[in-house]
Amino acid sequence: MPLPRTFYEEDAIVVAKSLLGKLFVHESESGVTAGKVVETEAYRGPEDKAAHSFGGRRTARNEVMFGEKGRAYVYFIYGLYWCFNVTAGNVIGKPEAVLIRALEPVAGLELMVKRRGDSSTKNSSLTNGPSKLCMAMGISKSQNKADVTIPPLYFEKAAPISEEDIVTTKRIGVEYAAEWKDRLWRFYIKGNKFTSAK
DNA sequence: TGCACGATTCTCT
DNA sequence: GAGAATCGTGCAA
């Protein structure tokens, strides 16, 4: 059972923590891939300078964050990579999102390796980064705005991770965000080998 | 119309 | 630990 839309209609920080341990599934034409969510980050616009929606800035790219919760926000970065987010928030029209930073591969390993490219792709480095997991899961612009409460792209229900197994820390790659860079809005599962390196 | 830059990753050193 | 790859996007002009 995919998680219902109400799951995403909470504060982005709550959703980010709740998503840990859930199964992220993509039923693509070339096969099914799935991974357990082991690392997330919350982005809370418009007050969060690290978010694309800072200041309530609404553009063609981030428009999906202003709409329904539980939709995919996929964006292109550095001219090479994709990052996958889920829109969230307890206020309709408030642009918040949760960035999925790392997965633990569960299904479709062979396909993941194939998508990531043949060379030096070990299990532990297959999906331990926001752009790596997009490659492994076959996510790109065509998945932008997809409804993640229904197949083919969705989060599967799973038992919640206990509070003591969740590590809370600073976000990554947002050094430019002044006072917001130190916000403890990154969450990962304690001791999991598949979280991103940094 | 032009231009600077990024919620990253990989490859050296 | 540093630097390159690489281009869509956002904003100034």
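Every chain is numbered from 1 and lettered A, B, ... according to where its sequence line falls, protein lines coming before strand lines. As a basis for the values below, the full set of heavy atoms in this structure was taken, side chains included, without hydrogen atoms, waters or symmetry mates. The model shown is predicted, which means the values in this text are computed figures rather than measured ones.
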- Item | Verdict with supporting geometry, A:Phe7 and A:Phe155, ring pair (Phe, Tyr, Trp, His ring centres under 6.0 Å) | CA-CA 10 Å; A:Phe7 178 89; A:Phe155 288 92; 7.9 Å; no
- Query: Taking atom C1' of B:dT11 as reference, at what distance in whole Å does atom NZ of A:Lys132 sit?
  - Reply: 13 Å
- Does the ring of A:Tyr73 carry A:Arg61 above it, NZ/CZ under 6.0 angstrom from centre and within 45° of its axis? no
- Message: So, does A:Arg101 get its side chain near the phosphate of B:dT8, meaning an N or O under 4.0 Å from OP1 or OP2?
- Response: yes
- Note on the structure: Paired runs of 3 or more consecutive Watson-Crick or G-U pairs involving DNA chain B, with both pairing distances under 3.5 Å, are B:1-6 with C:7-12, B:8-12 with C:1-5
- Item | Distance between P atoms of C:dG3 and B:dC5 (Å, rounded) | 16 Å
- Please walk me through it: do A:Phe76 and A:Trp82 pass ring pair (Phe, Tyr, Trp, His ring centres under 6.0 Å)? CA-CA 5 Å; A:Phe76 196 49; A:Trp82 299 96; 4.7 Å; yes
- Note on the structure: Between CG of A:Leu126 and P of B:dT9 the distance, given in whole Å, is 13 Å
- Hey, is the side chain of A:Tyr73 poking within less than 4.0 Å of OP1 or OP2 on B:dA7, counting only N and O atoms? no
- Nearest-Å distance, CG (A:Leu99) to C1' (B:dA7)? 6 Å
- Message: Please tell me if A:Arg116 has a side-chain N or O lying less than 4.0 Å from either OP1 or OP2 of B:dC10.
- Response: yes
Anything under 3.5 Å between a protein N or O and an N or O of nucleotides 6-10 of chain C, put it in a table, one pair a line.
from: C:dT6; atom 1: O2; to: A:Tyr78; atom 2: O; distance (Å): 2.4
from: C:dT9; atom 1: OP1; to: A:Lys141; atom 2: NZ; distance (Å): 3.1
from: C:dG10; atom 1: OP1; to: A:Thr59; atom 2: OG1; distance (Å): 2.2

- Task: Report the distance from atom CZ of A:Arg186 to atom C1' of B:dT8, rounded to the nearest whole Å.
- Result: 14 Å
